[in-house]
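Written out below as structure tokens is the structure these notes cover.
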Amino acid sequence: MAMAKTLQLNQGWFWKQRNEDLSSVLEEVGSPSRGSIEEGWRTAHAFPSEVHVELFKEGLIPDPYVGFNEHKVQWIGDVEWLFKCSFTFNKPPGHGHAILTFEGLDAVCDNDKQILSTDNQFRTYTYDINLSDHANPLKDNNILLLHFKSAKLLAKERETKYGKVRAGSTNLGDPSRVYVRKAQYDWR
């Protein structure tokens, strides 16, 4: 039995705002580096990361924890965000399976194919890959694309569909947040 090998994808990440003018997020993969945050990819300062951190480190938003700056950055939750990285994969001899493990994600695409869609940030998701299968999505060179939709807009859509609910004090933020399985700390 072959020893398990681990490949951590914690370097070489890029991020950008989703360009709503493009019909598919896959069209975004080849976008140039830099430009506006909607037109070009920017290098992530760390990974795992979060878009508020990246925007702040690029000097594109004020510190949301100072004064009333929190109100100036609310637009971030209204749009979609993308993260991507490239990685090589060489099938190790004697290995028939690979497992991709994701924590805290919404949707995942790999090599022009959506391999996973999630709707619960509090779960760990695994994607088992049969390396001997012709449908194996892992190639020698791969691009992993993470597509984060607006949790705020999804919650509002579900609230419209299922109705408003009382979600504690009005000081706890928008009650539509109960319809999505997301960390509650960034709801107003």
Side-chain angles (χ1 to χ4, degrees), residues 6-66 69-90 98-121 123-127 129 136-155 157 180 182-183 185-187:
T6 301
L7 172 63
Q8 290 201 12
L9 302 178
N10 56 5
Q11 296 178 19
W13 284 89
F14 298 85
W15 63 274
K16 72 184 291 296
Q17 182 181 337
R18 165 87 164 94
N19 184 342
E20 298 286 335
D21 293 334
L22 299 176
S23 61
S24 168
V25 294
L26 297 176
E27 294 178 54
E28 306 253 18
V29 173
S31 297
S33 294
R34 290 316 233 177
S36 74
I37 57 174
E38 191 174 333
E39 294 169 355
W41 292 95
R42 292 175 180 259
T43 302
H45 291 267
F47 200 87
S49 189
E50 195 270 336
V51 73
H52 290 81
V53 171
E54 296 300 332
L55 288 164
F56 179 68
K57 287 186 175 183
E58 287 283 314
L60 298 171
I61 62 169
D63 186 337
Y65 297 110
V66 173
N69 288 344
E70 177 184 358
H71 301 286
K72 297 176 183 174
V73 299
Q74 291 303 304
W75 64 272
I76 298 168
D78 295 332
V79 297
E80 299 178 13
W81 297 93
L82 304 173
F83 281 79
K84 75 171 181 175
C85 80
S86 299
F87 66 98
T88 58
F89 180 81
N90 298 312
I99 298 173
L100 294 174
T101 304
F102 303 98
E103 298 172 346
L105 296 182
D106 298 320
V108 179
C109 300
D110 184 56
N111 292 335
D112 299 331
K113 175 185 175 192
Q114 181 173 333
I115 60 170
L116 183 67
S117 179
T118 70
D119 65 359
N120 186 341
Q121 181 183 12
R123 284 194 50 205
T124 296
Y125 291 89
T126 58
Y127 181 73
I129 300 169
N136 168 13
L138 289 177
K139 310 298 178 210
D140 291 340
N141 296 301
N142 302 276
I143 296 175
L144 183 63
L145 177 67
L146 308 179
H147 177 197
F148 295 93
K149 295 186 177 180
S150 169
K152 178 181 174 184
L153 296 181
L154 177 61
E157 288 172 10
V180 292
K182 304 275 186 209
Y185 53 76
D186 56 348
W187 290 87

Quick one: are Val79 and Arg18 in side-chain contact, heavy atoms under 4.5 Å? no
Verify, without hydrogens or angle tests, whether Lys84 (side chain) and Val29 (backbone) share a donor-acceptor contact under 3.5 angstrom. yes
List for me each residue that meets side chain to side chain contact (heavy atoms under 4.5 Å, CB included) alongside Ser24, sequence neighbours excluded, and say none if there are none. Leu26, Glu27
Show the numbers, then the answer: is there a side chain to side chain contact (heavy atoms under 4.5 Å, CB included) between Ile61 and Lys72? CA-CA 8 Å; Ile61 62 169; Lys72 297 176 183 174; over 6 Å; no
Could you pull out the closest heavy-atom pair between Leu55 and Trp75, with the gap in Å? CD1-CH2, 4.2 Å
I want to check something: taking the side chain as every heavy atom from C-beta on, are Phe83 and Leu145 in contact at a cut-off of under 4.5 Å? no
Under 4.0 Å between a side-chain nitrogen and a carboxylate oxygen: does that hold for Arg42 and Glu58? yes
Smallest separation among heavy atoms of Gly77 and Ser150, with atom names: O-OG, 2.5 Å
Atom CD1 of Ile76 and atom NZ of Lys152: how far apart are they, to the nearest 0.5 Å? 11.0 Å
Please answer whether the main-chain N or O of His45 pairs with a side-chain N or O of Glu54 as donor and acceptor at a distance below 3.5 Å. yes
To the nearest 0.5 Å, atom NZ of Lys57 lies from atom NE2 of His52 at 14.5 Å
Would you say the side chain of Val51 lies within less than 4.5 Å of the side chain of Trp15, judging by non-hydrogen atoms? yes
Any side-chain heavy-atom pair of Phe89 and Asp140 under 4.5 Å: no
Can you name the closest pair of heavy atoms from Leu100 and Phe102 and give their distance? CB-CE1, 3.6 Å
As a quick check of understanding, evaluate side chain to side chain contact (heavy atoms under 4.5 Å, CB included) for Tyr127 and Ile99, giving each step before the final call. CA-CA 6 Å; Tyr127 181 73; Ile99 298 173; over 6 Å; no
Any side-chain heavy atom of Arg123 within less than 4.5 Å of one from Glu103? no
Ring pair (Phe, Tyr, Trp, His ring centres under 6.0 Å) filter on Trp41, not counting sequence neighbours, yields none
I need the minimum non-hydrogen distance between Leu22 and Glu28, along with the two atoms involved. CD1-CD, 3.8 Å
Could you check whether any side-chain N or O of Thr88 sits under 3.5 Å from a backbone N or O of Asn141, counting only pairs where one atom can act as donor and the other as acceptor? no
Gap separating the OG atom of Ser86 from the CG atom of Leu9, nearest 0.5 angstrom: 10.0 Å
Any side-chain heavy atom of Lys149 within less than 4.5 Å of one from His147? yes
For the residue pair Phe47 and Trp13, categorise the inter-ring angle as parallel (less than 30°), tilted (30 to 60°) or perpendicular (more than 60°). parallel
Any side-chain heavy atom of Leu144 sitting closer than 4.5 Å to one from Phe87? yes
Shortest non-hydrogen pair, Cys85 vs Gln11, comes out as CB-O, 4.4 Å
Can you check whether Asn69 reaches Phe56 side chain to side chain, under 4.5 Å on heavy atoms? no
